[in-house]
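The structure under discussion appears below in the form of structure tokens.
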Protein chains: 2
Amino acid sequence: MASVKDVAKLAGVSVATVSRVLNDSAAVSPGARARVQAAVDELGYRPNAVARSLRTDATRTIGLVIGDILNPFFTELARAVEDEARTLGLSVVIGNADERPERQDHYVRTLLEQRVDGLLLCPTAEITPLVRDTVAAGLPLVFLDRTLPGLEVPAVRADGAAAVDALVAHLKRLGHRRIAFVSGPALLSTGRERTDAFISALARHGLEVRPEYLEAGDFQAASGRAGAARLLELPEPPEVIFAGDNLMALGALDEIRARGLRIPGDVGLASYDDVPWFTHLDPPITAIGQPVQDLGRRAVRALAERVAGRPVEPVVLQARLLVRRSCGETEGSG
Amino acid sequence: MASVKDVAKLAGVSVATVSRVLNDSAAVSPGARARVQAAVDELGYRPNAVARSLRTDATRTIGLVIGDILNPFFTELARAVEDEARTLGLSVVIGNADERPERQDHYVRTLLEQRVDGLLLCPTAEITPLVRDTVAAGLPLVFLDRTLPGLEVPAVRADGAAAVDALVAHLKRLGHRRIAFVSGPALLSTGRERTDAFISALARHGLEVRPEYLEAGDFQAASGRAGAARLLELPEPPEVIFAGDNLMALGALDEIRARGLRIPGDVGLASYDDVPWFTHLDPPITAIGQPVQDLGRRAVRALAERVAGRPVEPVVLQARLLVRRSCGETEGSG
DNA sequence: CGATGTGGTGTAAACGATTACACGATGCGC
DNA sequence: GCGCATCGTGTAATCGTTTACACCACATCG
């Protein structure tokens, strides 16, 4: 593959001039510029980003470590990150942690070795030594969707407390009193926050918080199904099951269907996180939607600021309730 | 960030020895090895992959350019590719072409500059000059899912002819005669193949191929919806709509629902490509499933072979029919 | 007319790793 | 004790860029 030396030779100039033409970094005479361009075209020269990165100590690449690439929430998030990065001229290397801390660390390590300019991390579980070291080493880092307490790292996330409150209000209006929640892992900030939001929303609306209506899941479909099964076998089963993420909602849906129960007639279903196919189910699933596009874009911009050495504030966007028909019909909508 | 020089100084050896310890590339005395290890740990040294790549002319990174990251088929494919690559110690940089040739080329260009060791490409539309040049330049390349005719590039893909035939047989057995197909773009090999398979399956089963039952779509949901709308407004609408991919099936589903029609009572629906939520719909959607995991894994292995300089044969796996209930009940299953 | 820019260019030193080559110290066979 | 292989090590070149620095030619200004 042709190098700047080859281009220089063919154009009859020095490598410095070639580099100057390629980067517009200094004045070059029109003649030299034209000859360099011609040589570049003739040789099909492509700058070697590896060499450039070594010299400039910048890769124009960021890393994105997500929780689970098969979770449509993260897929959409990755897509948004890519889009924004591309407009900024950055490449994105995606690592799929598969919700496993050791795999998260694997990718963080690899990305570190690849010398990404910055890292977008959706942390899996608690702080690992590697993450702590990375922060300490001063690599530009931004948490996305999830945060880790006690680290000086800005986070870009969505707050769902108001939306959860609106959901509980909606359910109460429909006459429901017995509402169950299948939570995410307490190790994850999103897991904790959603549970807290649910509990305080119940309290605020004067509904009883029954411990047996709190099922612990792990953001995967199987746990949603298992949680739903336990809830539905309670002597007094809940009127509505609220799942802490879309995968657990899917699991709960399976279990409800497998038992031959009807939604919302026999039991209502709601989900944290909205995914496209929720609207295609019968009935469509009531969900709490996060501004995923914005989350991704803002995270990239925040990281770019950090890479440029500027301080950034945490970003908190608002999730919102999307009322559909899976918890019962609202007057006027059926 | 610490470099080999720092490690060498701290360990009291030369950089060559450090490198030898790190790569196990030659005999090193136990004492020196231990001192190097200690220095590495103390400094938290991480090798700079950028420098290493420059010197060794290998990045241990492959590129993957997919058609549309929001299409669950490609998401799953990307996941499989990542998994296999990881076991081989390779990193994957994903580019999302969004089904746009210019965006595909953008990523190919970037990946070329990043000097990936090889490229997995799900080509969007016809051969672009860049792709032709890339092949000519000798970069290890493997086509995945889709192929481009006339290029000396091995492809890893799934053949669906038998599955489409089985689908038509299944539909015929259920008493259906009027079967419509919403095709993918004829520019894509997968679009063409599926249409051909459909037409010859009809012929083989003695069913009429009616031109008005062939709707041209583009693998996106909107075109599936539009195609279904036109089909359903025909004087003699089809008994079953077979969509050329999962997104168009989604669009068709929307249109069918919007018209208040029942599946399969009023019209049947089948889809090429299976996605997890098909089984969660009511009724579950009959689909043709591709061995996505295998496709991804085989593609990575084929590319690794090419990178190693060994020739590889094209790989053709078989898609298979997954009978569910969206085209009518088979005896014994309802 | 000499001093002082300034525009255009080239030379060579980095960046951080790998590795060819050279070299001294041992061990071994004869 | 000599020759020779082997082991362990260090020096320095190299990969393909960018860029500090030096330089020359020319214009401008007092």
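Here the structure is a predicted model, which is why all the values come from computation and not from measurement. Chain letters run A, B, ... following the sequence lines, proteins first and then strands; every chain starts at 1.
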Output the distance between atom CD1 (Ile66(B)) and atom OH (Tyr107(B)), rounded to the nearest 0.5 Å.
10.0 Å
Is any NZ, NE, NH1 or NH2 atom of the basic residue among Arg157(B) and Glu193(B) found under 4.0 Å from an Asp or Glu carboxylate oxygen of the other?
yes
Contact span of DNA chain C against chain A, any nucleotide atom under 4.0 Å from a heavy atom, 5' to 3', runs dG8(C) to dG16(C)
Please check: side-chain N/O of Thr75(B) versus main-chain N/O of Asn71(B), any donor-acceptor pairing under 3.5 Å?
yes
When all nucleic acid strands are considered with a 4.0 Å heavy-atom cut-off, which category describes Asp57(B): base, sugar-phosphate, or nothing?
nothing
How many whole angstroms separate atom CG of Asn23(A) from atom C1' of dG16(D)?
13 Å
Would you please confirm or rule out a distance under 4.0 Å between OP1 or OP2 of dT9(D) and any side-chain N or O of Ser29(B)?
yes
Kindly determine whether Asp6(B) and Leu10(B) satisfy side-chain contact (heavy atoms from CB on, under 4.5 Å), including the steps that lead there.
CA-CA 6 Å; Asp6(B) 304 313; Leu10(B) 184 58; over 6 Å; no
Can you tell me if Asp83(B) and Thr87(B) form a side-chain donor-acceptor pair at under 3.5 Å?
no
Residues that Arg100(B) engages under salt bridge (Lys or Arg N to Asp or Glu O under 4.0 Å), provided they are two or more places apart
Asp98(B), Glu102(B)
Are the side chain of Thr56(A) and the backbone N or O of Arg52(A) linked by a donor-acceptor pair below 3.5 Å?
yes
For the helix from dC1(C)-dG30(D) to dC30(C)-dG1(D), figure out the bend between the end axes, five pairs an end, and round to 10 degrees.
50°
Taking only N/O atoms, report every protein-nucleotides 21-24 of chain D pair under 3.5 Å with atom names and distance.
none

Closest nucleotide of DNA chain D for Val15(B) versus for Ser19(A): which of these residues is on the 5' side?
Val15(B)
Where Gly67(B) and Cys122(B) come nearest, the two heavy atoms and their spacing
N-CB, 4.2 Å
Give the intermediate values and the outcome of side-chain contact (heavy atoms from CB on, under 4.5 Å) for residues Val92(B) and Thr61(B).
CA-CA 6 Å; Val92(B) 180; Thr61(B) 295; over 6 Å; no
Looking at residues 30-54 of chain B, who's got a heavy atom less than 4.0 Å off DNA chain D?
Ala32(B), Leu54(B)
With distance as the sole criterion, do the side chain of Arg55(A) and the base of dT17(D) form a donor-acceptor contact below 3.5 Å?
no
Could you point out which residue of Arg297(B), Arg298(B), Arg79(B) forms a salt bridge (charged side-chain N to carboxylate O under 4.0 Å, His left out) with Glu84(B)?
Arg297(B)
Reading DNA chain C from 5' onward, which residue's closest nucleotide shows up sooner: Val28(A) or Thr17(B)?
Val28(A)
Would you indicate, yes or no, if dG16(D) has its OP1 or OP2 atom less than 4.0 angstrom from a side-chain nitrogen or oxygen of Ser3(A)?
no
Within the distance-only criterion (no hydrogens, no angle test), does the side chain of Asp245(A) pair as donor or acceptor with the backbone N or O of Leu247(A) below 3.5 angstrom?
yes
Residue pairs, two or more places apart or on separate chains, that pass salt bridge (charged side-chain N to carboxylate O under 4.0 Å, His left out) and touch residues 108-123 of chain B:
none
Nearest non-hydrogen partners of Ala302(B) and Val312(B), listed with the distance:
O-CG1, 3.5 Å
